[in-house]
Chemist: 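Below you will find the structure I want to go over with you.
A, B, ... follow the sequence lines: proteins, then strands. Residue 1 opens every chain.
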Amino acid sequence: MSINFSTSIGGAFFANPIFTASGCAGSGKELSHFFPLTSLGAVVTKSIMVKPRSGRATPRMAETPSGMLNSIGLQGPGIDLFLENDIPWLREQGARIIVSIAGESVEDYAVLARKLRNVVGISALEVNISCPNVENRGQVFACHPDTAAAAIAAVRRNIGGELPIIAKLSPDVTDITAIADSVIVAGADGLALINTLLGMVIDTTSMLPKLSQKTGGLSGPAIRPIAVRAIYQVRAAFPKIPIVGMGGVTNGRDAFELVLAGADAVSIGTATFGNPMAAMTIKNELEELCEARGFNSFSDAVSYAHRVEA
Amino acid sequence: MSINFSTSIGGAFFANPIFTASGCAGSGKELSHFFPLTSLGAVVTKSIMVKPRSGRATPRMAETPSGMLNSIGLQGPGIDLFLENDIPWLREQGARIIVSIAGESVEDYAVLARKLRNVVGISALEVNISCPNVENRGQVFACHPDTAAAAIAAVRRNIGGELPIIAKLSPDVTDITAIADSVIVAGADGLALINTLLGMVIDTTSMLPKLSQKTGGLSGPAIRPIAVRAIYQVRAAFPKIPIVGMGGVTNGRDAFELVLAGADAVSIGTATFGNPMAAMTIKNELEELCEARGFNSFSDAVSYAHRVEA
Amino acid sequence: MINSKAVQLSAEVVSNKKVGAYHHMVFAVGDMAASCRPGNFVAISVGGASSSLILRRAFAIYRASLRSDGMGLLELVIAPQGSGSKWLVAQEPGDRVDLIAPLGTSFGIPKEPINALLVGGGYGSAPLFSLAETLKSRGCRVDMVLGASTAGKIYAPLEGKRSVNSLTITTDDGSAGIAGRVSDVLPKLIAEHDVDVIYSCGPMAMLEAITLISQRTDVLHQCSVEESMACGIGVCMTCVLPVEGEDGVIRMTRSCVEGPVMDGNKVLWNTSREIPDGVWGK
Amino acid sequence: MINSKAVQLSAEVVSNKKVGAYHHMVFAVGDMAASCRPGNFVAISVGGASSSLILRRAFAIYRASLRSDGMGLLELVIAPQGSGSKWLVAQEPGDRVDLIAPLGTSFGIPKEPINALLVGGGYGSAPLFSLAETLKSRGCRVDMVLGASTAGKIYAPLEGKRSVNSLTITTDDGSAGIAGRVSDVLPKLIAEHDVDVIYSCGPMAMLEAITLISQRTDVLHQCSVEESMACGIGVCMTCVLPVEGEDGVIRMTRSCVEGPVMDGNKVLWNTSREIPDGVWGK
Ligand SMILES: Cc1cc2nc3c(=O)[nH]c(=O)nc-3n(C[C@H](O)[C@H](O)[C@H](O)COP(=O)(O)OP(=O)(O)OC[C@H]3O[C@@H](n4cnc5c(N)ncnc54)[C@H](O)[C@@H]3O)c2cc1C
Ligand SMILES: Cc1cc2nc3c(=O)[nH]c(=O)nc-3n(C[C@H](O)[C@H](O)[C@H](O)COP(=O)(O)OP(=O)(O)OC[C@H]3O[C@@H](n4cnc5c(N)ncnc54)[C@H](O)[C@@H]3O)c2cc1C
Ligand SMILES: Cc1cc2nc3c(=O)[nH]c(=O)nc-3n(C[C@H](O)[C@H](O)[C@H](O)COP(=O)(O)O)c2cc1C
Ligand SMILES: Cc1cc2nc3c(=O)[nH]c(=O)nc-3n(C[C@H](O)[C@H](O)[C@H](O)COP(=O)(O)O)c2cc1C
Ligand code: FES
Ligand code: FES
């Protein structure tokens with residue numbers, strides 16, 4: 001390594017800027033079969049909820065042009081079993097851990113934050129607010145400034161001092177900078193951009209929506225231009241807020257594009273499904289690209305596309 | 001033709017449901033080199049503004065995975081020259097014509113409607129409200145219920161009795177059904193779904209946004225799942241409103257998917273760039289598919305994915 | 001957990017032959033061939049560079065063999081259906097594909113010689129021939145039933161037939177064997193051959209029908225399920241189905257790591273499009 | 001308007017040879033070959049079925065010929081750059097591509113014998129050899145300058161060289177011919193050969209430099225421009241540049257239908273990323 005490839009998000013340090021994306025690497029167990037988790041900047045775990053969750057019925061996925069829809073529905077064991085099994089295992093691996101949490105009510109977020117506040121070995125909390133708010137007609141938290149802020153504020157109040165909070169935003173909004181503003185005010189130390197876009201595929205044989213839940217989240221290369229735009233817009237509005245970028249990154253060039261737009265770290269999601277080694281390849285290619293473009297330090301490349309040339 | 005393949009939008013009749021998408025076929029001249037325009041359901045012309053317009057500087061486009069960005073910026077000759085040259089030519093061809101209009105202020109929409117109200121040979125007006133409103137900090141009309149409604153109301157007031165108004169909506173909103181509601185209340189006879197999504201590509205060599213205007217509109221197969229979702233949502237909310245669907249349709253299967261979701265007609269945009277004959281191939285394939293699935297009439301297939309099975 | 005033998009490699013196409021409605025394809029995979037067990041599957045990247053197809057496709061391993069000259073071969077039987085499989089069957093000898101294998105669970109092999117009935121639907125026969133050989137080598141009696149909509153969709157190569165005591169064929173249209181479905185002939189075969197275990201692979205509806213029969217006749221049933229898979233390695237949670245665990249709890253269980261071979265009696269069938277009551281976390 | 005001879009067809013690759021940094025590819029296109037003029041281009045679909053590349057790629061026609069046996073051949077010179085061109089140069093004889101041609105304007109051919117100077121940058125030499133032949137057959141004197149960054153990127157086949165009176169080569173790194181840029185050698189050649197018209201094809205910066213020289217020396221300048229094209233047939237408005245029309249009005253003009261060959265003196269150069277003042281409708 002001849003360049004400084006480390007990064008930091010809200011005070012938390014990471015040896016390199018390549019993370020897994022929540023929900024695209026489980027808790028890291030399977031990927032550790034392909035590479036040591038220590039070679040990732042961080043493992044971002046699948047969003048965990050208060051209680052065990054079956055998730056949605058199948059079909060849960062549909063491939064789309066250069067993308068896919070999913071409606072996993074946050075299947076998981078619930079926070080208690082997660083803390084009992086997954087966190088100790090990840091710690092044993094020596095992995096940097098970012099825990100992603102998701103709730104159905106503001107109180108859920110508060111409960112999750114309290115459960116996590118004294119857990120050792122966690123570098124940051126990612127707060128997935130792209131979940132239906134059961135107390136508000138199932139409207140997604142991330143889609144309105146006030147509900148988004150309420151969820152983040154609940155985490156902030158309950159997490160205690162140290163742990164940086166990363167608010168994960170949805171691109172399915174009229175003005176993503178307004179949502180960013182509200183969660184920053186509510187206490188977010190960083191932002192994760194972007195979650196999936198709401199989409200649908202209809203099976204032209206059954207002539208019904210292909211997914212059991214009708215709609216699902218669109219991810220993969222198809223959405224990369226949306227991710228780059230969202231990151232660029234938010235970076236332009238908030239020059240200093242740490243941003244974890246994600247959305248359709250499949251190679252080092254793609255990751256570099258998000259970095260130039262403003263991402264301080266890049267999460268790899270759907271690309272891992274096509275190639276379990278994706279994160280490693282991307283890490284190496286990104287480092288080479290940063291070097292080839294003359295950056296001595298990764299952080300110099302962050303937001304470089306915003307520069308005003310003389 | 002053994003099935004009834006005709007359709008109607010707000011009282012206007014079309015021999016088949018395949019239209020060109022605004023801005024993807026000019027005024028039809030070039031395509032008429034490849035097939036007679038009479039074989040289209042309608043030619044939807046490139047959005048025309050009050051005055052001549054140079055459009056944006058180049059680069060105006062970037063290819064993306066299964067899609068493209070464009071920032072043409074509504075280049076065009078202005079309504080007067082358009083009425084003098086393009087409309088008579090299209091009439092001569094015997095084409096069904098839908099004129100797309102775009103304005104920078106509510107007054108622009110009113111002016112355009114007045115210029116068009118007595119023009120012979122137009123079947124409908126498509127109102128492109130995905131334009132920056134210069135009177136309102138450049139905010140796009142289609143992004144807020146009130147500005148969207150104001151533009152449509154101005155057209156409604158000035159167009160006179162007969163001509164159906166189709167409001168073209170942007171998917172870049174938190175709740176597209178709310179926008180649909182407001183334009184229907186303001187007098188829209190039909191909806192066109194969807195316009196492009198705002199995206200960005202950064203050139204990793206120059207390390208600057210690739211398009212001169214930084215952002216551009218994302219179109220093509222990549223966005224089809226968003227189009228299907230938007231059409232399905234709006235159809236579920238408004239069972240009777242005529243919908244012209246568009247977004248990433250490249251073959252008969254894709255068109256059928258939009259029809260099942262709720263489209264009464266399907267516009268072909270980006271696919272024409274890859275294949276000038278796209279609209280014709282799609283028309284034939286869609287008709288075959290409708291027949292193969294046992295529909296006697298195209299209109300029976302519209303919205304079929306919403307059925308509740310016993 | 002993921003199959004501990006799984007490796008990712010670039011495999012050269014050695015041969016590609018059309019057989020009826022299918023393509024029999026052979027890939028050079030080196031030593032890895034030795035770690036494949038009947039029932040395991042492979043996940044292959046499709047579409048080539050700049051493809052719009054971003055997900056791997058799963059295929060049951062038809063046969064895996066490590067030759068004495070050190071050449072490891074992996075054989076698949078592929079039905080050209082959508083864009084991914086059509087791309088794959090268009091690859092020619094010398095072309096290379098990115099492949100991960102072996103993945104998933106394998107059929108349980110009994111320690112005692114038993115009477116086994118192998119049931120395959122369509123390309124579901126693929127993993128059954130290597131299973132038949134293994135069972136034979138353990139002294140089992142092996143009878144086989146293959147069903148399909150029509151004769152061209154029965155995949156039953158000559159050398160495969162040699163490893164079974166009897167082969168019954170059913171087709172929906174009667175173009176080969178008995179007109180009807182595999183489930184029509186099962187009860188008689190189970191009784192006739194005093195079957196201890198059914199091994200099956202095919203469409204989910206067939207597996208469900210077999211499970212009902214196995215329950216009525218008190219026969220064990222190991223089946224290889226087929227759910228849409230996005231990753232094939234256990235990280236995406238798309239390939240789940242409700243399965244009762246050893247602790248009696250029914251969980252949405254990943255068929256790519258805790259399957260594809262599962263105990264048919266533990267699967268809650270016909271539950272696509274809704275989560276059945278009683279599932280953990282519903 | 002679109003080239004009235006344009007047709008869309010499926011063309012078989014007849015040959016594909018690597019020449020320096022380029023591929024020389026030949027396609028069977030039937031009668032259409034007869035309607036291609038020097039300067040016209042083709043638009044080719046790339047990536048094959050289920051490709052994520054949705055737009056055609058434009059290539060200048062290197063040569064088009066209708067053989068006496070009725071076989072029409074179209075030849076291109078392709079630089080493997082990004083995913084589209086790399087896919088194209090990987091196609092083998094017997095493969096087919098979807099192709100639209102001839103498209104765009106062609107170089108104006110003088111009625112009188114004149115002194116012509118042909119200037120090409122990189123693969124920009126492609127359309128110049130057939131132009132040279134045509135000019136020669138009209139009795140013109142034809143001198144040629146080809147420039148590139150390095151020797152491997154000079155495309156100048158033997159048979160091409162035969163149709164010019166002189167060939168000057170420049171390379172940035174001096175690995176072939178004169179070290180420097182084509183614009184360095186132009187003034188001397190213009191004077192030496194008493195040039196009436198310059199015909200050029202290459203990067204936009206080169207065309208701009210040539211325009212400046214042609215203006216200083218009062219030589220006509222027809223150039224073939226290269227703007228990113230989404231459709232190639234005039235419907236998308238992506239390929240525009242500011243050009244002064246016969247009425248003196250400067251319009252954003254489509255280079256796919258009113259180009260690629262344009263009068264260099266009518267183009268407003270170096271205007272990418274902003275619309276110059278004075279453009280109609282700014
Ligand atoms: C464990 C397992 C074993 C399999 N074994 C074989 C085999 O031996 N031979 C064979 O020909 N096929 C097999 N399949 C099916 C194969 O993986 C592909 O799904 C099938 O070839 C269709 O893919 P496509 O790209 O042609 O179709 P597309 O329509 O392009 O597929 C789109 C998406 O849907 C999924 N999909 C479509 N059909 C199915 C299906 N029937 N089951 C699961 N997912 C589906 C695809 O995997 C893909 O993600 C198996 C599937 C699984 C899960
Ligand atoms: C009129 C014309 C004539 C041309 N003639 C030739 C020729 O004879 N030989 C040759 O090798 N190439 C030629 N090109 C360039 C060619 O069309 C492709 O742009 C180039 O091959 C790069 O495409 P790609 O798919 O490899 O790169 P990608 O990076 O995948 O291309 C992405 C997109 O950008 C566009 N693009 C990228 N580079 C250029 C460029 N330099 N100019 C215009 N658009 C670009 C592509 O067309 C495509 O839409 C010509 C272009 C034009 C407009
Ligand atoms: C199968 C799947 C499951 C996901 N689960 C979660 C999740 O639990 N929590 C979350 O915040 N995001 C989840 N996401 C979203 C991703 O983390 C990521 O934001 C999105 O997929 C865009 O990145 P990509 O294109 O690289 O996949 C999921 C995405 C996929 C495809
Ligand atoms: C180059 C280009 C120009 C466009 N111009 C217009 C326009 O002038 N008016 C308009 O309403 N939509 C315009 N659109 C949007 C299309 O009409 C269509 O809504 C969108 O591209 C989605 O459809 P598609 O994926 O089939 O292209 C344009 C799209 C493209 C790609
Ligand atoms: S296919 Fe991804 S978990 Fe099974
Ligand atoms: S490339 Fe579409 S108008 Fe020229």
Chemist: Within the 3.5 Å criterion, strictly below it, is a donor on B:T270 or B:S219 matched to an acceptor on the partner's side chain?
Modeler: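 A donor-acceptor contact under 3.5 Å links the two side chains.
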Chemist: Could you go step by step and tell me if B:V266 and B:I282 meet the side-chain contact (heavy atoms from CB on, under 4.5 Å) rule?
Modeler: CA-CA 10 Å; B:V266 175; B:I282 293 166; 5.7 Å; no
Chemist: Between B:R307 and B:Y304 (side chain of the first, backbone of the second, donor and acceptor by atom type, cut-off under 3.5 Å), is there such a pair?
Modeler: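 Answer holds: yes.
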Chemist: Using a 3.5 Å distance criterion without hydrogens, assess whether the side chain of A:N296 forms a donor-acceptor pair with backbone atoms of A:I3.
Modeler: no
Chemist: Keeping the roles fixed (side chain from B:H306, backbone from B:A261), state whether a donor-acceptor pair exists under 3.5 Å.
Modeler: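 Pair found, side chain donor or acceptor close to backbone of B:A261.
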Chemist: So which of A:P221, A:A292, A:A301, A:G67 has the biggest tally of heavy-atom pairs under 4.5 Å with chain B?
Modeler: A:P221
Chemist: Does the pair B:E287/B:K283 count as a salt bridge with the N-to-O cut at 4.0 Å?
Modeler: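 No.
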Chemist: Could you have a look at B:T205, B:L289, B:V259, B:L198 and say which one has the most heavy-atom pairs with chain A under 4.5 angstrom?
Modeler: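 Heavy-atom pairs under 4.5 Å are most numerous for B:L198.
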Chemist: In terms of heavy-atom proximity below 4.5 Å to chain A, should B:H144 be classed as side chain, backbone, both, or neither?
Modeler: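 Just the side chain, heavy atoms under 4.5 Å.
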Chemist: Quick check: under 4.5 Å, non-hydrogen atoms only, which of residues 223-233 of chain A neighbour chain B?
Modeler: A:R224, A:P225, A:I226, A:V228, A:R229, A:Y232, A:Q233
Chemist: May I ask you to decide whether B:D264 forms a salt bridge with B:R235, counting only side-chain N to carboxylate O separations under 4.0 Å?
Modeler: yes
Chemist: So, B:R60 versus B:S71: side-chain donor-acceptor pair below 3.5 Å or not?
Modeler: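 Not at all, the side chains of B:R60 and B:S71 share no donor-acceptor pair under 3.5 Å.
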Chemist: Is it true that the side chains of B:S2 and B:E291 contain a donor and an acceptor less than 3.5 Å apart?
Modeler: yes
Chemist: With a 4.5 Å heavy-atom cut-off, do B:L211 and B:V201 have their side chains touching?
Modeler: no
Chemist: I'd like to know which of B:A62, B:A222, B:P65 tops the heavy-atom pair count under 4.5 Å against chain A.
Modeler: B:P65
Chemist: Quick one: which of B:I202, B:L208, B:T215 has the most heavy-atom pairs under 4.5 Å with chain A, could you say?
Modeler: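 Winner by heavy-atom pair count: B:I202.
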Chemist: Quick one: closest heavy-atom pair of B:A142 and B:A148, and the distance?
Modeler: CA-CB, 4.3 Å
Chemist: Just checking heavy atoms, which of residues 167-182 of chain B are less than 4.5 Å from chain A?
Modeler: B:D172, B:V173, B:T174
Chemist: Check A:R253 with B:D203, please: is the shortest side-chain N to carboxylate O separation under 4.0 Å?
Modeler: no
Chemist: Under 4.5 Å heavy-atom distance to chain A, tell me which part of B:L260 shows up: side chain, backbone, both or neither.
Modeler: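 Contact with chain A is through both the backbone and side chain of B:L260.
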Chemist: A:T250 versus chain B, heavy atoms under 4.5 Å apart: side chain, backbone, both or neither?
Modeler: neither
Chemist: Which heavy atom of B:G103 sits nearest to which heavy atom of B:F141, and what is that distance?
Modeler: O-CE1, 3.6 Å
Chemist: Please look at B:T64 and chain A and tell me whether the side chain, the backbone, both or neither of the residue comes under 4.5 angstrom of a heavy atom of that chain.
Modeler: side chain
